[in-house]
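Data block below; observations after.
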Amino acid sequence: MRDGAAWLLPLVAGLAGQLTAAAAQESDSSSGPAIYAEARVVSRYAWRGYDLSRAKPAFQPYVEVTLPSGLGFNAFTTSALDRKTEFDEAQLGLTFRREVRGAWEVGFGYLLYVMPGTQTEPSPEGRDSLSPAMSGEFVASVTRNWDAGYVALTYSRGHGSGAGNSVNLWAQRTFAWAGERWSVEPYVQADYLDEYGPPSGFGDRMSGVEIGVPVYRRLGGLRLQLAGYVTVVPSGYVRDANGSAGGSARRVLPWAAAGVVYERE
């Protein structure tokens, strides 16, 4: 980890302590919190069409805890698997979700992005590619759930170095067999993004369309994951940004992932 981002450790530790205390308090009077945790290795970190790991593989742990009240906390980091030891990005999130009319769900939240500034994910602030940068997004979403799938529409309003708007549409379907020991969860998502300065016009702001096919094998309380993905980058602006930053300027970015998932509802 870079010295300039060492202050993040007490922040993460404090969040974990608050989360544990809140979860314990909720569990005294209810069924307890839902937990989702995963650790995976990806062949590239593609985010909203941006090739952030510069075509290098990355290690990505993630954890989310949701209390019965609907309040949730999550944390995510990504680190390119290169010769350096620092992480490239950390994300902390606070969310609230509530079911309405059974099949519908609304959500609100805030995401904080911390980028220490590395060779694989330079700071977006421009003055110094290795300087720390922080940005955040206020998030609102609406989801329509079915027994084996859902469609979600999410709007985000960014500030700081990521000032602007983004809209994400996500559709997913689950297929399971062999007593749910095996499952596949194909999805497609599309991103409209006017953060980070793209010129006006839908073509340049349609930053990414992603198709993913994760396959899971359940082993006790864990699920093993193997997945294949294709990210299509319609935006010429994003492709040029990827190329000038040392990533891939291609329109189609294939990648893959392998990992392990733990869930408790």
Side-chain angles (χ1 to χ4, degrees), residues 1 8-28 30-47 52-53 57-81 86-97 105 107 109-114 137 139 141 143 145 149-150 152 154 168 170 172 174 176 180-187 189 210 212-229 255-265:
M1 181 184 299
L8 185 62
L9 287 177
L11 178 61
V12 174
L15 177 64
Q18 294 295 323
L19 178 57
T20 301
Q25 183 177 3
E26 286 271 351
S27 63
D28 290 339
S30 65
S31 60
I35 300 173
Y36 178 92
E38 71 175 25
R40 66 177 189 166
V41 175
V42 297
S43 61
R44 75 165 76 235
Y45 178 28
W47 177 82
L52 293 183
S53 65
F59 175 64
Q60 298 181 331
Y62 173 83
V63 62
E64 181 174 16
V65 178
T66 304
L67 305 179
S69 62
L71 184 66
F73 308 85
N74 60 70
F76 165 83
T77 65
T78 181
S79 303
L81 298 179
E86 65 267 19
F87 63 81
D88 295 312
E89 177 187 327
Q91 173 191 308
L92 301 174
L94 175 66
T95 61
F96 178 78
R97 300 186 183 97
E105 179 179 89
Y110 180 78
L111 298 176
L112 173 68
Y113 299 97
V114 182
E137 291 183 325
V139 180
S141 65
T143 303
N145 294 299
Y150 67 91
T154 302
N168 173 269
W170 183 299
Q172 180 171 311
T174 297
E180 298 189 347
R181 290 193 302 273
W182 289 92
S183 62
V184 58
E185 301 180 359
Y187 71 85
Q189 65 164 325
E210 181 178 292
V213 185
V215 178
Y216 296 93
R217 173 66 165 93
R218 184 175 295 278
L219 293 175
L222 301 177
R223 291 196 299 161
L224 305 182
Q225 181 200 77
L226 285 175
Y229 306 89
W255 51 289
V260 60
V261 175
Y262 169 79
E263 291 179 276
R264 189 187 77 184
E265 296 182 355

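Everything quoted here is computed from the prediction, not taken from an experiment. Note: hydrogens, waters and symmetry copies are ignored here, and every other heavy atom, side chains too, is used.
- Heavy atoms only, all atoms of each residue included: G221 and Y262 are closest at O-CD1, 3.6 Å.
- When all heavy atoms of T77 and A90 are compared, the pair lying nearest together is CG2-CB, 3.9 Å.
- Residues passing the side-chain hydrogen bond (donor to acceptor under 3.5 Å, both in side chains) test with R97, sequence neighbours excluded: E64.
- In terms of the side-chain contact (heavy atoms from CB on, under 4.5 Å) criterion, residue partners of P57 (sequence neighbours excluded) are, by chain and number, L81.
- In summary, the side chains of E105 and N145 do not present any donor paired with an acceptor at a separation below 3.5 Å, with no hydrogens or angles considered.
- Between T154 and W170 there is no side-chain heavy-atom pair separated by less than 4.5 Å.
- Checked by atom type, the side-chain pair E263/Y36 shows no donor-acceptor distance below 3.5 Å.
- In this structure, the side chains of R264 and P33 come closer than 4.5 Å at one or more pairs of heavy atoms.
- Here the CH2 atom belonging to W182 is positioned 8.5 Å from the CG atom belonging to L224, to the nearest 0.5 angstrom.
- Every residue two or more places apart in sequence or in another chain was checked for a ring pair (Phe, Tyr, Trp, His ring centres under 6.0 Å) with Y62, and none qualifies.
- Here the closest heavy-atom approach between residue D88 and residue A80 is recorded as OD2-N, 2.7 Å.
- Note: F76 and Y45 have tilted aromatic rings, judged against thresholds of 30 and 60 degrees for the angle between ring planes.
- Counting heavy atoms from C-beta on, the side chains of Y229 and Y187 come closer than 4.5 Å.
- Taking the ring pair (Phe, Tyr, Trp, His ring centres under 6.0 Å) definition, one finds that Y113 meets it with nothing, sequence neighbours left out.
- Nearest heavy atom pair, residue E180 against residue A176, reads CG-CB, 4.0 Å.
- For E185, the side-chain hydrogen bond (donor to acceptor under 3.5 Å, both in side chains) partners at least two apart in sequence or on another chain are Q172, R223.
- Taking the side-chain contact (heavy atoms from CB on, under 4.5 Å) definition, one finds that Y110 meets it with L112, F138, H159, sequence neighbours left out.
- Within the model, atoms OG1 of T78 and CD of Q91 stand 10.5 Å from one another, a figure rounded to the nearest 0.5 Å.
- Interatomic distance, R40 CZ to Q60 CD, rounded to the nearest 0.5 Å: 5.0 Å.
- Here the closest non-hydrogen pair linking G93 and L111 is CA-CD2, 3.7 Å.
- Looking only at side-chain heavy atoms (C-beta outward), L71 and L94 come within less than 4.5 Å of each other.
- The CZ atom of F73 sits 11.5 Å away from atom CG of L92, with the distance rounded to the nearest 0.5 Å.
- Judged by distance alone, the side chain of T95 and the main-chain N or O of G109 form no donor-acceptor pair under 3.5 Å.
- Here V184 pairs with F175, W177, P186, V213, V215 under the side-chain contact (heavy atoms from CB on, under 4.5 Å) rule; sequence neighbours left out.
- Evaluation of the side-chain contact (heavy atoms from CB on, under 4.5 Å) rule for L226 yields A258 as partners, not counting sequence neighbours.
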